[in-house]
Amino acid sequence: KLAVGFAKQATLNDTVVAQQYRANYKVNSAFAAGSEGPSVVECDTATSDNFWSGTLLSEAFENTTSLFTNGTGVYCTTQQEDNGTLESLMRAAMIGLVDFSRIIIMRTASDFDREFPGQTAAANLFGNPGGFIPSILNIHLAGVKVVQGIINNWDSTFAKGVKPTNYIGDIWGSLGGNPDFGPGSIFGRQKHVVKSFHTLRTRVRLATRLL
């Protein structure tokens, strides 16, 4: 919430080309929000190893997101890098190298996951909505505000950390607690204990010698 508040202080970039393309979605009330200008929002994302485009696949990801999160997640944008980055940070957190509650995910939306009325899914996939350059500029503009907000309030708020009011962690409950999505904690709501790399390396070396 704090990071979002900082980001919303930014004056975001827009272009005439992007405005004209977004207007195509205004005719459908379900996607009216997509026709509006750049803004900062909080929402849930979905990812896959395969890129997708079009109404059929996008609706499938909407339903999958809802299913996997027990109805708590509402699919908003696509992404690919976030999950890989978070998995690396999760592993570091499990051995005490990262405070997972301090992670901020910021990304921009530069195109649409499905076609507008009268357009084909293929045209949507290969078209140019004009949002790429503005999105790159906007992630910088909003990101600077977040960094400034953290620095300016470091001593009063961020040095000691901000205690999260929601679940923090992965679908398995690896950091303790019980996820409000997926099957619930598989570790009895306790933090999963990871054996150190040094211990594992020593055992492998010993086994090698025995062989």
Side-chain angles (χ1 to χ4, degrees), residues 1-10 12 22 25 28-91 93 98-116 121 124-125 129 131-132 134-136 138-139 141-143 145-146 149 162-186 189:
K1 297 292 186 180
L2 293 174
V4 172
F6 295 144
K8 286 185 175 181
Q9 297 174 15
L12 302 179
R22 292 197 307 265
Y25 290 85
N28 188 331
S29 59
F31 306 117
S35 67
E36 298 175 358
S39 62
V40 176
V41 299
E42 297 175 81
C43 68
D44 303 312
T45 65
T47 187
S48 168
D49 288 335
N50 299 305
F51 198 91
W52 72 90
S53 175
T55 299
L56 293 177
L57 289 175
S58 297
E59 288 181 347
F61 273 89
E62 284 182 18
N63 296 331
T64 301
T65 300
S66 179
L67 176 66
F68 285 2
T69 62
N70 300 331
T72 62
V74 179
Y75 166 62
C76 172
T77 69
T78 65
Q79 53 96 350
Q80 189 171 39
E81 306 84 3
D82 294 354
N83 283 45
T85 302
L86 286 172
E87 177 59 28
S88 298
L89 293 172
M90 169 59 64
R91 296 183 184 188
V98 169
D99 182 351
F100 206 74
S101 67
R102 288 183 178 267
I103 296 172
I104 297 174
I105 295 290
M106 293 183 67
R107 69 179 304 109
T108 56
S110 60
D111 51 25
F112 294 85
D113 70 343
R114 67 199 74 189
E115 66 277 12
F116 55 76
N124 172 69
L125 175 62
F132 182 68
S135 71
I136 293 177
N138 287 338
I139 193 68
L141 294 170
K145 292 298 183 181
V146 172
V162 179
K163 186 175 181 180
T165 57
N166 56 295
Y167 169 76
I168 298 293
D170 60 9
I171 194 172
W172 310 118
S174 299
L175 299 180
N178 193 44
D180 54 358
F181 53 89
S185 174
I186 63 173
R189 303 193 179 192

Do other residues, nucleotides or ligands put more than 12 heavy atoms under 6.0 Å from the CZ atom of Arg91? no

Would you call the rings of Tyr75 and Phe61 parallel, tilted or perpendicular, where under 30° means parallel and over 60° means perpendicular? tilted

Any chance you could lay out the ring pair (Phe, Tyr, Trp, His ring centres under 6.0 Å) test for Phe112 and Tyr25, step after step, and finish with the verdict? CA-CA 10 Å; Phe112 294 85; Tyr25 290 85; 4.0 Å; yes

Nearest heavy atoms of Ser35 and Arg22, plus distance in Å: CB-O, 3.3 Å

Side-chain donor/acceptor of Asp44 to backbone N/O of Val74, under 3.5 Å: yes

Verdict with supporting geometry, Met90 and Leu175, side-chain contact (heavy atoms from CB on, under 4.5 Å): CA-CA 8 Å; Met90 169 59 64; Leu175 299 180; 3.7 Å; yes

Interatomic distance, Ile186 atom CD1 to Ser174 atom OG [nearest 0.5 angstrom]: 6.5 Å

Output yes when Glu42 and Lys8 qualify as a salt bridge under the 4.0 Å nitrogen-oxygen rule, no when they do not. no

OG-CD distance between Ser48 and Gln80, expressed to the nearest 0.5 angstrom: 7.5 Å

How long is the gap from CG on Asn166 to CG on Asp180, to the nearest 0.5 Å? 8.0 Å

Any sub-3.5 Å donor-acceptor pair from Asn63's side-chain atoms to Glu59's backbone N or O? yes

Given the options Thr45, Thr78, Asp82, Thr77, Arg107 meets side chain to side chain donor-acceptor pair (under 3.5 Å) only with Asp82

Going from CZ on Arg189 to CG on Asn178, what distance comes out if it is rounded to the nearest 0.5 angstrom? 4.0 Å

In the structure I gave you, are the side-chain heavy atoms of Leu125 and Phe51 within less than 4.5 Å of one another anywhere? yes

Stepwise side-chain contact (heavy atoms from CB on, under 4.5 Å) test for Leu86 and Phe100: CA-CA 9 Å; Leu86 286 172; Phe100 206 74; 4.1 Å; yes

Does any N or O in the side chain of Thr47 come within less than 3.5 Å of the main-chain N or O of Gln79, such that one atom is a donor and the other an acceptor? yes

Quick one, Asn28 and Phe116 - any side-chain contact, counting heavy atoms below 4.5 Å? no

Looking only at heavy atoms, the pair that brings Met106 and Ala7 closest together is CE-CB, 4.5 Å

Could you grab the distance from atom CD of Glu62 to atom CG of Leu67, nearest 0.5 Å is fine? 13.5 Å

Correct closest heavy-atom pair for Ser185 and Pro179 would be N-CD, 3.4 Å

Please step through side-chain contact (heavy atoms from CB on, under 4.5 Å) for the pair Thr108 and Ile136, ending with a clear verdict. CA-CA 8 Å; Thr108 56; Ile136 293 177; over 6 Å; no

Any idea which heavy atoms bring Leu141 and Leu12 closest together, and the distance? CD1-CA, 4.3 Å

Taking all atoms of both residues into account, what is the closest heavy-atom pair of Ser53 and Asn124, and its distance? OG-ND2, 2.9 Å

Is it the case that Thr72 and Asn70 place a side-chain donor and acceptor less than 3.5 Å from each other? no

Residue pair Ser58 / Asp113, side-chain donor-acceptor N/O under 3.5 Å: yes

Just verifying a value: how many Å separate Phe31 CZ and Glu115 CD, rounded to the nearest 0.5 Å? 8.5 Å

Begin with the C-alpha distance, continue with both residues' side-chain angles, and end with the deciding distance and a verdict on side-chain contact (heavy atoms from CB on, under 4.5 Å) for Ile103 and Leu89. CA-CA 9 Å; Ile103 296 172; Leu89 293 172; 3.6 Å; yes

Compare every heavy atom of Pro183 with every heavy atom of Trp172, then report the nearest pair and how far apart it is. CZ3-CG, 4.1 Å

